[in-house]
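These notes are about the structure you will find just below.
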There are 2 protein chains.
Amino acid sequence: MPFTAEELRFMMRFREGEVTLDPGDYLFHEDEALTSFYTVRSGQGARYKTLENGDRQLVNFVFPGDLVGLAGTVTGATTAAVQAVAPMRLCRFRKNRLPELFAGHPDRAYALTWIAAVEEHFLGETIATLGQRNAIQRLAWALLKVHQRLAAVGLADGAGTVPFPYRQGDLADALGLSLVHTNKTLAQLRSWARLENGRLAVFDHQKLAELSLSNDDGPIRRPLL
Amino acid sequence: MPFTAEELRFMMRFREGEVTLDPGDYLFHEDEALTSFYTVRSGQGARYKTLENGDRQLVNFVFPGDLVGLAGTVTGATTAAVQAVAPMRLCRFRKNRLPELFAGHPDRAYALTWIAAVEEHFLGETIATLGQRNAIQRLAWALLKVHQRLAAVGLADGAGTVPFPYRQGDLADALGLSLVHTNKTLAQLRSWARLENGRLAVFDHQKLAELSLSNDDGPIRRPLL
DNA sequence: CGCGGGTTTGATCCCAGTCAAGTCCCGTGG
DNA sequence: CCACGGGACTTGACTGGGATCAAACCCGCG
């Protein structure tokens with residue numbers, strides 16, 4: 001979840017290094033013992049779990065400003081893998097500096113908790129989507145959310161399109177649909193939104209919101225500090 | 001997520017009161033502005049979202065030891081309603097004491113973050129379940145998890161059954177299945193686990209794990225402090 | 001020019017949703 | 001004591017959304 005520029009400046013002082021990933025590279029795998037967590041400087045990736053039968057569930061897209069791996073460091077083991085889809089740059093923070101952060105910078109620690117809470121909010125929405133919405137509603141919801149989040153971190157161009165380097169199969173895995181059905185459903189939405197050469201273009205937010213049945217809570221307010 | 005006895009003792013000093021709920025009572029509704037968060041002393045409830053069309057998604061069961069509403073206080077508005085299913089007792093904590101907590105008790109603040117992280121872990125698993133598993137797998141997974149969590153807080157009786165006052169419709173809403181299909185699927189599982197007069201009896205954990213295709217990570221370790 | 005990954009599109013199948021009756025089990029009141 | 005009613009649970013018949021299988025198509029690339 002996004003940080004303010006000021007927060008990022010602060011975090012820079014606490015970081016232990018920078019990580020660069022090419023598309024396809026893993027930041028970490030499932031069940032890996034984590035000693036660091038990261039913030040995303042640029043690029044896009046995917047966080048997902050794999051079940052025994054090989055099925056993949058993309059838990060969430062990871063975008064610039066997001067924080068990843070906090071849960072993994074804090075509980076001791078990661079619960080999902082994180083893989084780059086577009087070239088990524090991240091800042092690494094060592095788990096063992098966390099106590100120091102909490103002790104010396106309560107306001108920052110609070111911000112961290114705030115972020116975890118927002119994350120929880122998102123996951124709750126995703127659960128509602130997977131549990132109750134049909135294919136059209138899921139796609140409309142997902143495209144809308146993705147656009148909102150990327151636009152919120154300034155990645156929308158003049159035409160209102162945002163970078164979206166994922167394949168349709170990724171979307172399918174995120175929404176619990178088959179690749180084929182995802183494709184057919186995307187076709188139905190083409191007049192309102194479109195996936196084209198690595199970008200997502202949304203023509204009619206209104207219509208998508210309508211189709212998604214989303215109790216849209218809109219973009220989330222940033223913490224006061 | 002569960003607290004240790006020691007943590008609970010500490011929290012007692014920070015609380016602002018106790019809340020008692022009868023079955024059906026709401027702790028708070030969706031979109032309600034929250035100024036407090038709560039820990040569950042006893043009883044059981046449900047946290048759920050309602051979409052515009054009236055469909056309900058039960059985001060998670062709330063059990064003794066759980067923390068609820070932190071996300072709501074921290075982001076400003078609740079994202080889901082919490083309703084009691086069995087009589088509940090909870091401790092209330094005012095949001096405005098949070099800065100004080102973070103400033104004066106970094107270890108406790110850390111524990112709070114830890115809890116949020118664990119919550120995130122659970123929600124991720126739920127997402128994988130809703131996205132990838134079929135009806136039998138979902139039910140097997142859910143029954144297993146519920147039993148694990150309730151047993152972990154000491155609610156299993158000698159026979160290994162745990163209190164489960166929910167109706168089949170609640171389970172259905174939690175798993176994104178219809179009531180009818182949930183019922184039929186439960187019938188298929190009856191030799192391994194059973195819902196009976198407000199209790200859940202699990203006869204064969206092994207078998208359920210097998211059926212659920214769960215990469216079972218088992219019960220989660222508690223934080224060091 | 002052929003190859004491979006991603007995208008489309010068509011045909012078929014089946015899991016789970018929907019509709020519709022029951023059945024059980026209470027608690028209430030005559 | 002029994003009739004009644006309502007809520008939860010069952011069960012059966014039918015339907016449909018989305019999965020699966022299969023085959024093109026459309027590039028960019030060696």
Side-chain angles (χ1 to χ4, degrees), chain A residues 22-24 44 46 51 53-58 83 85-86 129-143 163-191 193-201 211-213, chain B residues 23-24 46 51 53-58 83 85-86 129-143 163-191 193-201 211-213:
Chain A
D22 287 325
Q44 287 159 88
L51 335 185
N53 60 15
D55 280 356
R56 199 176 69 132
Q57 174 66 37
L58 208 154
Q83 187 180 25
V85 169
T129 294
L130 296 187
Q132 307 299 131
R133 296 196 239 256
N134 65 22
I136 312 91
Q137 295 168 340
R138 291 185 200 197
L139 263 306
W141 175 82
L143 297 181
F164 192 75
Y166 305 84
R167 292 171 276 106
Q168 295 190 2
D170 295 327
L171 247 189
D173 287 344
L175 297 175
L177 298 171
S178 72
L179 167 57
V180 172
H181 198 59
T182 298
N183 178 297
K184 287 172 178 166
T185 308
L186 276 173
Q188 297 181 50
L189 293 174
R190 276 214 241 286
S191 12
R194 185 170 308 211
L195 251 39
E196 227 161 28
N197 52 278
R199 308 209 116 235
L200 160 65
L211 286 174
S212 70
L213 282 193
Chain B
L51 335 184
N53 60 14
D55 281 356
R56 198 176 71 133
Q57 175 66 37
L58 208 153
Q83 188 179 25
V85 170
T129 294
L130 296 187
Q132 306 300 130
R133 294 197 241 257
N134 66 21
I136 311 92
Q137 296 168 339
R138 291 185 200 196
L139 264 306
W141 175 83
L143 297 181
F164 192 75
Y166 305 84
R167 289 171 280 105
Q168 295 190 1
D170 295 326
L171 249 188
D173 288 344
L175 297 175
L177 298 171
S178 72
L179 166 57
V180 172
H181 198 58
T182 298
N183 178 296
K184 287 172 178 168
T185 307
L186 276 174
Q188 297 181 48
L189 291 175
R190 276 213 242 285
S191 12
R194 184 172 305 212
L195 251 39
E196 227 161 28
N197 53 278
R199 309 207 115 235
L200 160 64
L211 286 174
S212 71
L213 282 193

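We name chains A, B, ... by the order of the sequence lines, and we start the count at 1 in each one.
The interatomic distance linking A:Leu139 (CG) with D:dG18 (P) rounds to 10 Å, in whole Å. As a whole-Å value, the separation of B:Tyr166 OH from D:dC9 P is 14 Å. In this structure, the CZ atom of B:Arg194 is 15 Å from the P atom of D:dC9, given to the nearest Å. Rounded to a whole Å, the CG atom of B:Leu130 is 17 Å from the C1' atom of D:dG18. A:Asn134 has its CG atom 11 Å from the P atom of D:dA19, to the nearest Å. One can place NE2 of B:His181 at 18 Å from P of D:dC14, the figure rounded to the nearest angstrom. At whole-Å resolution of the value, CG in A:Asn183 and P in D:dG18 are 14 Å apart. Protein atom CG of A:Asp173 is 11 Å distant from nucleotide atom P of D:dA19, rounded to whole Å.
Nearer to the 5' terminus of DNA chain D, by closest-nucleotide assignment, is the contact made by A:Ile136 (compared with the other of A:Val180 and A:Ile136). Across the interface with DNA chain D, nearest-nucleotide mapping of B:Lys184 and B:Arg167 shows B:Arg167 to be the residue nearer the 5′ end.
Counting non-hydrogen atoms under 4.0 angstrom, A:Gly198 reaches nothing in the nucleic acid. Among the heavy atoms of the strands lying under 4.0 Å from B:Arg190 are primed sugar atoms or P, OP1, OP2 only; no base atom is included. When heavy atoms are screened at a 4.0 angstrom cut-off, B:Leu179 is found touching no nucleic acid atom at all.
When all heavy atoms are compared, the tightest approach of B:Leu130 to B:Ala174 is CD2-O, 3.9 Å.
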Point to revise | Verdict with supporting geometry, B:Arg56 and B:Asp170, salt bridge (Lys or Arg N to Asp or Glu O under 4.0 Å) | key: CA-CA 9 Å; B:Arg56 198 176 71 133; B:Asp170 295 326; 2.7 Å; yes
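When atom types are taken as modelled, the side chain of A:Gln137 and the backbone of A:Asn134 share a donor-acceptor pair closer than 3.5 angstrom. For B:Arg194 (side chain) and B:Ala201 (main-chain N/O), no donor-acceptor pair under 3.5 Å exists by modelled atom type.
OP1 and OP2 of D:dG18 both lie 4.0 Å or more from every side-chain N or O belonging to A:Arg133.
Expressed to the nearest 0.5 Å, how far OH of B:Tyr166 lies from CG of B:Leu171 amounts to 10.0 Å. Atom CG of A:Leu177 is separated from atom CZ of A:Arg138 by 5.0 Å, given to the nearest 0.5 angstrom.
Of the candidates B:Ile136, B:Thr129, B:Leu211, B:Trp141 forms a side chain to side chain contact (heavy atoms under 4.5 Å, CB included) with just one, namely B:Thr129.
Of all nucleotides in DNA chain C, those with any atom nearer than 4.0 Å to a heavy atom of chain A start and finish, going 5' to 3', at C:dG6 to C:dA11.
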